[in-house]
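The structure appears below as structure tokens.
When reading the values below, keep in mind they use all heavy atoms of this one structure, side chains included, and skip hydrogens, waters and symmetry mates. In what follows, chains are A, B, ... by sequence order, proteins preceding strands, each numbered from 1.
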Amino acid sequence: MRYESQRVAYPYFVVALLLFGLQLVLGLWLAFNYFFTVPQAIVDVFPFATARAMHTNLLVLWLLLGFMGATFYAIPEETGSELAWPRLAIVQLVILVAVGVVALVGFLFGWTQGRPLLEIPRPLDLFVVAGVLMFLANVGVTIMRARRFTATQGSLLAGLVFLAVLYLFGIPFYRNLAVDWYYWWWVIHLWVEGAWELVTAALVAFMVIQLTGVERRVVERWLYVELGLFLFTGIAGTGHHYYWVAAPKYWLWVGGVFSSLEPLPIALMLLDTWRHMREARRPLRPRLTWVFLFGMAVLHFIGAGAFGMAHTLPQINYYTHGSQVTVSHGHLAFYGAYALVNLSFFYFAIPRLKRFPSDEYRSTLGHWAFWVMSLSLLGMSLAFGVAGVLQSYLERVQGQPYMVAQQPIRFWMFVAFVHGIGVLAGAVMVIAHLLTLRPEPRVEPAAEGARAT
Amino acid sequence: MSDRMAKLIFWVGTLSSLALFLALTFDTHRNFDALTHADRIDERVVAGKRAFERHNCNDCHTILGFGGYYAPDLTRVYTRVGDETIRSRIERPEVVLAASYRKMPQQHVPPAEIVAMIAFFRWTSEIENGDWPPHDSEVRWKSSTRRLLAGAVMSPGAALVNQENCLACHALGDAGERTGPRLEYIGARRSPQYVAEYLADPQRFTPGTSMPGYGQLPEPQRRALAEFVATLASSRRETP
């Protein structure tokens with residue numbers, strides 16, 4: 001950390017981590033609902049729908065707060081200047097967290113926009129927009145004043161502006177259900193396969209430059225290629241959500257062709273990370289930061305690339321669409337790509353924010369946390385995957401009614417639940433570890449060399 | 001690879017995909033009205049959509065395959081279970097789904113909203129979306145009409161369906177009305193035993209249903225009817 005204003009990132013990280021924990025608790029409750037018959041009296045006051053709204057909105061909120069915190073950390077170093085308005089960053093955090101709390105309590109009382117993932121009621125959307133505008137103004141003005149532009153911060157800022165603009169398409173009420181879903185995907189798909197990938201690629205490039213000492217020009221050259229491929233496949237790839245929404249038939253071709261290319265940029269990102277690690281001019285320290293960073297590259301590819309690819313072709317998607325197959329892909333992709341990129345960044349930034357003598361920290365608990373959490377999550381996604389294949393076969397191919405086909409799936413949801421306990425345990429360890437990060441008492445000679453900046 | 005090349009890949013990739021996407025979006029909008037029968041979207045359908053959102057139905061159910069995966073897809077719910085079943089499930093889920101291992105919340109939805117939601121589901125069931133979902137596919141319903149025609153000659157159950165005019169309320173294949181659930185759906189979920197008992201006294205199973213009792217039919221006839229309904233379950237997808 002070289003700039004005082006980078007400090008505002010820390011409260012963002014803390015809030016994000018706490019929301020992450022809460023998100024997982026609700027996730028366990030959702031899985032429990034699948035194999036256990038919750039009595040009517042409880043369902044009447046706290047239905048599955050409410051818990052799901054909370055689970056997904058907490059996910060979006062903590063990931064976005066993490067991205068914003070990471071941006072506040074990265075932008076001063078990239079521009080070589082203090083943040084324009086550090087206090088505004090704190091005001092913005094307070095507003096967004098307040099919106100989050102009001103929305104979550106509102107869901108409990110049935111106050112909702114009633115559209116999956118976009119449940120935040122419309123009046124609160126105004127505050128979200130206000131918070132995001134503060135954020136963009138703060139970052140934008142910092143960059144303008146410094147007049148130092150890099151591809152990394154360009155990608156970061158472009159991703160964040162793109163993200164904010166797309167959110168607007170989720171606010172109106174649409175009279176036609178098909179049009180509604182058409183634009184719903186502008187928010188959801190173009191976020192996760194467009195804007196968020198820009199942010200992620202930028203954050204990874206930033207960390208790689210800082211940690212490996214590989215020349216910025218080399219890293220950013222490949223960043224351009226990654227981004228070009230992400231957007232080339234991702235934008236038109238939105239078509240894979242338009243197969244069955246009463247849109248014209250050509251979306252079957254466009255969606256099928258472009259989205260079968262979607263694993264390419266993720267594979268390139270994995271390859272680039274691997275190559276930069278091999279060409280590193282410094283030892284790859286601290287080891288745990290690298291475990292998270294490389295783990296992210298691998299699971300991003302498996303979850304978003306491979307699992308997504310598996311059911312993206314229309315011939316397969318006709319049977320798997322809207323089944324637990326989607327759930328399986330969704331969980332591994334969000335974890336592999338976005339949960340882990342945030343956690344990697346926290347491990348990268350927190351020792352610097354706390355001005356540890358070297359960047360080394362005590363990491364035993366963190367290593368355990370990574371493996372427990374990641375392996376459990378992989379197991380959970382596989383259990384969802386089995387449930388999804390069963391559902392596709394029994395319900396869609398054989399034509400069994402939904403509730404008949406769900407019966408054999410309950411066992412696999414129980415398996416997912418058991419793995420979910422592992423995910424929660426691992427996450428509690430990560431949260432505890434990050435919030436109480438301590439410097440390594442003995443400074444190794446290797447670590448001296450790894451001192452960044 | 002040179003820096004120039006990298007930047008070129010970025011701009012060409014991004015802009016070509018964006019141009020294609022925006023052009024197709026424009027064209028899709030020109031087609032939406034016809035494909036969704038937008039002329040049938042009246043104020044009641046819109047009110048139904050608002051009610052559907054107000055009660056957060058979509059975070060348990062899917063519609064067009066999107067939403068929570070916790071409850072049946074609603075795209076073709078109208079052709080699957082019909083008017084009255086939709087109504088009773090929203091109105092009295094604690095009664096209608098009492099035996100189910102998965103519950104639906106009692107949300108005290110006002111009657112006007114229920115009527116509007118049924119109109120909304122009716123409109124949704126008619127949109128042309130590539131015959132998705134497969135389990136509610138037109139192709140499948142039509143093949144069960146053919147089974148009925150083929151079976152009517154030798155099956156007393158099929159003859160009874162005709163005689164008792166079941167299709168005045170239930171759908172079967174592409175024939176019949178949409179007041180009660182379609183017979184294939186009943187056949188797939190219920191045993192012949194259950195259906196036979198239900199026929200004798202529907203009120204015992206679904207209090208308040210408009211389904212008349214068939215206690216006056218001799219027991220063997222009720223069983224024949226029930227056996228027939230159970231055979232309607234399409235256990236595999238037939239080639240059209």
Problem set entry | Donor-acceptor side-chain pairing of R80(B) and Y402(A) below 3.5 angstrom | no

Chain B contact via [X] - which portion, at a heavy-atom distance below 4.5 Å:
X       : answer
I409(A) : neither
W184(A) : neither
E220(A) : neither
F230(A) : neither
E226(A) : neither
Y393(A) : neither
E395(A) : both

Nearest 0.5 Å, please: how far is [atom2] in [Y] from [atom1] in [X]?
X       : Y       : atom1 : atom2 : result
F10(B)  : L231(A) : CZ    : CG    : 6.0 Å
T14(B)  : I235(A) : OG1   : CD1   : 6.0 Å
H108(B) : D44(A)  : NE2   : CG    : 6.5 Å
N56(B)  : W111(A) : CG    : CH2   : 14.0 Å

For this session: Find out whether F21(B) and L190(A) are in side-chain contact, i.e. whether some heavy atom of one side chain is under 4.5 Å from a heavy atom of the other.
Result: yes

For this session: Would you indicate whether the side-chain heavy atoms of Y70(B) and R52(A) approach each other to under 4.5 Å?
Result: no

Backbone N/O of [Y] and side chain of [X]: donor-acceptor pair under 3.5 Å:
X       : Y       : answer
K49(B)  : Y174(A) : yes
Y182(A) : H29(B)  : no
N58(B)  : R115(A) : no
S17(B)  : T233(A) : no
Y224(A) : M5(B)   : no
N129(B) : W244(A) : yes
E128(B) : A247(A) : no

Problem set entry | Nearest heavy atoms of S100(B) and T37(A), plus distance in Å | O-CG2, 4.3 Å

For this session: Please name the pair of heavy atoms, one in V404(A) and one in A188(B), separated by the smallest distance, quoted to 0.1 Å.
Result: CG2-O, 4.1 Å

Heavy-atom pair count under 4.5 Å with chain B, highest-scoring of [options]:
options                           : result
F46(A), W222(A), W186(A), Y243(A) : W186(A)
H241(A), E119(A), R410(A)         : R410(A)
V245(A), V254(A), L252(A), V38(A) : V245(A)

